[in-house]
Amino acid sequence: MARHRDKHKFPLRLAGWLALAGMVCSVGCGKESNAAGSQGPSAIPVKVLEARATAVRDTSDYVATLKSRDSAVIMPQVEGQIVQIYKQSGEQVAAGTPLMQIDPLKQQATVKSQENSRAAAEANLKFAQQQFDRTSGLFAAGVVSKQDLDQTKSALDSAKAQVEALDATVREQQVQLRYYTVAAPWSGIVGDIPVHVGDRVTTTTTLTTVDKPGGLEVYVYVPIERAPQLKMNMPVEVLDSSGNVTAESRISFISPQVDNATQTVLVKAGIANHQDKLRQLQFIRARIVWGTQNVPVVPVLAVSRIGGQYFAFVAEPGTKSGSYVAHQKPLKVGQMVDNNYVVLDGIKPGDKVIVSGTQFLIDGTAVAPQG
């Protein structure tokens, strides 16, 4: 009987031992699982810079043209054939210096003919004067009638008018003759001379130019989109090929009209041409300074471009105290200042911009900001 009771107690003891072992395993394994879950993925150390508002000039660069404020385009005032060119391109001349000669022979003959006509008229006037004087004496003696006196008086007046008319014609033809010698209107430098001896020119033919050294004007063509922002006395800078400022000025003229072909507005600014470094009709870079604004800037290395859109990672506080998460922010950037982008939208002052390790980040990655 005792052996029968032990036989039934053994399965019960075995079941108890197995249940106890399961409870122990369950408690131990749960602790290990919870410990592993509490650690989570480790945060990636990154270097950050705090975005700060910086005073940045709002500028725009344009291709502009230089034009002289004292440049004369020389055209003949008469038609004819060029028989002599006295000066060469680039030569310095004084006011009134002859530049070239148009064949004057025909005009000289015209002047000579008019002078001869005037000499004949003067002789006729002298005779009419003598006739009048003689008739006046006879009329006083009662020898001739009043009608004879009036006739000689009329002939004298007609002769005087004839001489005066011919005097005016001779002066006009002499002035016309001077036009056959093309002279410099002022002191300056002779420009290109596209004509040659033997060429026939008209009153619309460009012979050359004479430029006074010194002041120039910058012609800037501003797109219509920015025209409402244009104001008189806005700063304008002339830049060389390296981007250095070579001259400074201010807007002195804003066109009230829009160029129909280019949809631009003409803006002018006068500049002093020190040491004659700039040339008439030269293409240059002109920078218009619209103003100054306080905007955040971010390093170029912190910005990535994907599909034409600019992005930057910003470290923002996570859900747990002291934790940070990287968030990718789309940016609207402006011009570059040194090695930084001006940020027009997407980042505000105080944001922690991630500047290192961005190639390992995706949106939502846990990070540990440094620096």
Side-chain angles (χ1 to χ4, degrees), residues 64-121 162-219 221 252-253 255 257 259-262 266 268 270-273 276-284:
T65 306
L66 289 176
K67 295 186 179 181
S68 174
R69 288 181 288 180
D70 299 309
S71 177
V73 178
I74 310 300
M75 293 184 176
Q77 294 180 276
V78 294
E79 296 184 4
Q81 188 179 42
I82 295 178
V83 294
Q84 193 168 0
I85 297 177
Y86 301 110
K87 299 297 179 181
Q88 296 180 351
S89 298
E91 195 169 345
Q92 185 84 31
V93 295
T97 301
L99 301 177
M100 57 189 70
Q101 180 70 51
I102 299 174
D103 187 2
L105 293 179
K106 183 178 178 180
Q107 185 62 26
Q108 288 173 344
T110 301
V111 171
K112 183 63 176 176
S113 175
Q114 294 296 330
E115 288 176 342
N116 291 339
S117 297
R118 182 182 62 183
Q162 179 97 17
V163 171
E164 291 175 356
L166 287 171
D167 275 341
T169 301
V170 169
R171 286 195 299 270
E172 178 184 356
Q173 295 302 321
Q174 287 174 340
V175 170
Q176 192 79 357
L177 180 61
R178 288 200 292 269
Y179 291 155
Y180 284 80
T181 300
V182 180
W186 51 48
S187 299
I189 300 173
V190 179
D192 179 45
I193 302 177
V195 295
H196 306 85
V197 173
D199 289 351
R200 181 171 180 80
V201 297
T202 66
T203 55
T204 60
T205 304
T206 299
L207 302 179
T208 186
T209 59
V210 177
D211 300 324
K212 281 186 179 180
L216 297 170
E217 274 188 327
V218 184
Y219 280 54
Y221 297 90
S252 58
F253 170 79
S255 175
Q257 298 178 341
D259 188 301
N260 187 48
T262 61
L266 173 62
K268 296 182 184 180
I271 62 171
N273 187 17
D276 292 334
K277 291 184 178 180
L278 303 173
R279 292 288 182 268
Q280 158 87 338
L281 300 179
Q282 177 181 346
F283 287 114
I284 59 164

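It should be emphasised that the depicted structure is a prediction, and the values quoted were computed from it without experimental measurement.
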Margin query: To the closest 0.5 Å, what do you measure between OG1 (Thr205) and CD1 (Ile102)?
Written below: 8.5 Å
Next item on the list: Mind checking the CD1-CG spacing from Ile284 to Leu66? Nearest 0.5 Å is all I need.
Entry: 4.0 Å
Would you be so kind as to tabulate the donor-acceptor pairs closer than 3.5 Å made by side chains of residues 73-85, with sequence neighbours excluded?
unit_1	atom_1	unit_2	atom_2	d
Gln81	NE2	Gly198	O	3.1

Margin query: Strictly by side chain to side chain donor-acceptor pair (under 3.5 Å), give each pair with a member in residues 106-115 just once, sequence neighbours left out.
Written below: Gln107-Gln173, Glu115-Gln174
Check: At what distance, to the nearest 0.5 angstrom, does CG of Leu166 lie from CZ of Arg171?
Finding: 10.5 Å
Check: Which pair of heavy atoms, one from Ser68 and one from Leu216, lies closest together, and at what distance?
Finding: CA-CD2, 3.6 Å
Check: So, the side chain of Thr208 versus the backbone of Asp192: is there a donor-acceptor pair under 3.5 Å, distance only?
Finding: yes
Checklist line | CD1 on Ile271 to CD on Glu217, rounded to 0.5 Å | finding: 9.5 Å
Checklist line | Considering all heavy atoms, the nearest Thr206-Pro194 contact | finding: O-CG, 3.5 Å
Could you pull out all donor-acceptor pairs under 3.5 Å where a side-chain atom in residues 91-98 meets a protein atom, sequence neighbours excluded?
unit_1	atom_1	unit_2	atom_2	d
Glu91	OE1	Gln88	N	3.1
Gln92	NE2	Gly188	O	3.4
Thr97	OG1	Ala94	N	3.3
Thr97	OG1	Ala94	O	2.8

Item checked: Over all atoms of both residues, closest heavy-atom pair of Ile193 and Lys87 -> CD1-O, 3.4 Å
Notebook entry, point to check: Are any side-chain N or O atoms of Thr65 and backbone N or O atoms of Tyr219, one a donor and one an acceptor, separated by less than 3.5 Å?
Noted result: no
Item checked: Distance in Å, Thr181 OG1 paired with Tyr86 OH, rounded so as to fall on 0.5 Å steps -> 5.5 Å
Note to self: Give me the atom names and distance for the closest heavy-atom approach of Ser89 to Gly191.
What the structure shows: OG-O, 3.0 Å
